[in-house]
Amino acid sequence: MIKIISDSTCDLSPELIRRFDIGVLPLNVRLGDKEYQDGVNVTPEQLYEWSDANKTTPKTAAPSVEAAVELFRPYIGEGDEIIAFCISESMSASGNIMRLAAKELEAEEKVHVVDSANLSTGIGLQVLRAANFAAKGASADEILKEMVRINPLVRASFVVDTLTYLRRGGRCSSVEALAGSVLKIKPCIEVADGAMSAAKKYRGNIDKVIMQYVRDLEPKLKNAEPERVFITHSGCHEAVVRYVELYLDSLNIFKEINITRAGSVVSSHCGPGTLGVLFIEKKI
């Protein structure tokens, strides 16, 4: 059998994790001298409160080799193969930890680590595609070949309400953050080739910005694979999330519209009020 595993930055909901039987390896979040596990014993709301009180961003870290070994061990013991997804390797050592765990278990040929070159549900889209293939009896080679195909077609972008968390995490300068605050700039961040970059800049109230951002995505959405689309956010108003859902539904493209909350690792860098629409584009 083939077991699909991802690190916790895939931001899949508990329901999707159960439905597709995904194994999850939590990254670590440090709030001062206390360490927590992403998705296990810390919430984004807790880290926002801590970050604002301490005027700094939480520290995030890759899982330990020991944690990866303990997650992989039962499946290797049963003779299964593992396909393990990690956040972009330009952002974290999570993938290397997975390889070290495979080496410790003397199972390098059984553990296939996939650099998602992405984050959040940009990873989740790949994970669920792999799980679908595995459920249909595809081999590891067939699944890996499909991952190579769709990896450059994953479209991950999001708009942020505040530049404070990106500044604290070193993702933008103090000058950019100050200018953004004064001008009420809400940048659209896109992920491409494993890295984040600012694309279009919006101005105004975040709720209106989110609506405009989603409308601006329509040309790309019309060329999306219909299997599913993700709305992933870090604590937006329910009415705004609902608007995005209804808008995507009105396009009559997607079989599934999945709404998920960004986990603590992703939230620690983007801050509250962030929302993204993530999907796989058809090959042109």
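Small disclaimer: the values here were computed from a predicted structure and weren't measured.
For the pair Ile150/Val148, no side-chain contact is recorded, criterion being any heavy-atom separation below 4.5 Å from C-beta on. Arg215 places a side-chain heavy atom less than 4.5 Å from the side chain of Met211. The shortest side-chain heavy-atom distance between Val209 and Asn205 does not fall under the 4.5 Å cut-off. Ile259 is listed as a side-chain neighbour of Val241, based on a closest heavy-atom distance under 4.5 Å. The closest side-chain heavy-atom distance from Thr121 to Cys10 is not below 4.5 Å. Side-chain atoms of Leu12 and Thr260, non-hydrogen and from C-beta on, never get closer than 4.5 Å to each other. Side-chain contact between Ser157 and Val191: absent, with no pair of heavy atoms (C-beta onward) separated by less than 4.5 Å. Side-chain contact between Ile82 and His112 is absent, with no heavy-atom pair separated by less than 4.5 Å.
Placement of Val111 and Ile87 in two distinct hydrophobic clusters is found when ILVMFWY residues are connected by side-chain heavy-atom separations under 4.5 Å, directly or transitively.
A distance of 7.5 Å separates CG of Leu47 from OG1 of Thr57, quoted to the nearest 0.5 Å. Taking OG of Ser120 as the reference point, atom CZ of Phe230 lies at 8.5 Å (rounded to 0.5 Å). For the atom pair Cys270 SG and His233 NE2, the distance stands at 11.0 Å (nearest 0.5 Å). Rounded to the nearest 0.5 angstrom, Leu128 CG and Leu16 CG are separated by 6.0 Å. The distance from atom CD1 of Ile5 to atom OH of Tyr75, rounded to the nearest 0.5 Å, is 6.0 Å. For the atom pair CD1 of Ile76 and NZ of Lys3, the computed distance is 12.5 Å after rounding to the nearest 0.5 Å.
Ion pairing between Lys110 and Asp80 fails under the 4.0 Å rule for side-chain N and carboxylate O. The pair Asp161-Lys186 meets the salt-bridge criterion, since a charged nitrogen lies less than 4.0 angstrom from a carboxylate oxygen. Using a cutoff of 4.0 Å between basic side-chain nitrogens and carboxylate oxygens, Glu35 and Arg30 are scored as salt-bridged.
Contacts of Asn118 classified as side chain to side chain donor-acceptor pair (under 3.5 Å), with partners at least two apart in sequence or in another chain: none. Arg129 is linked by a side chain to side chain donor-acceptor pair (under 3.5 Å) to Glu146, Glu225, Glu227, counting only residues two or more places apart in sequence or in another chain.
In this structure, a donor-acceptor pair under 3.5 Å is absent between the side chains of Tyr48 and Thr43. For the residue pair Asp216 and Tyr202, a side-chain donor N or O sits within less than 3.5 Å of a side-chain acceptor on the partner. Side-chain atoms of Asp7 and Thr9 form a donor-acceptor pair, as typed in the model, at a separation below 3.5 Å.
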Check the pair Glu218, Lys222 against salt bridge (charged side-chain N to carboxylate O under 4.0 Å, His left out), reporting the backbone distance first and the verdict last. CA-CA 6 Å; Glu218 186 170 330; Lys222 287 183 174 179; 2.9 Å; yes

Quick one: do Leu246 and Val244 satisfy side chain to side chain contact (heavy atoms under 4.5 Å, CB included)? Show the steps, please. CA-CA 6 Å; Leu246 290 172; Val244 176; over 6 Å; no

Arg99 and Glu89: salt bridge (charged side-chain N to carboxylate O under 4.0 Å, His left out), yes or no, with the steps? CA-CA 12 Å; Arg99 294 186 188 93; Glu89 294 202 62; 2.8 Å; yes

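Relative ring orientation between Phe279 and Phe254 is described as tilted, the plane-to-plane angle lying within the 30° to 60° band.
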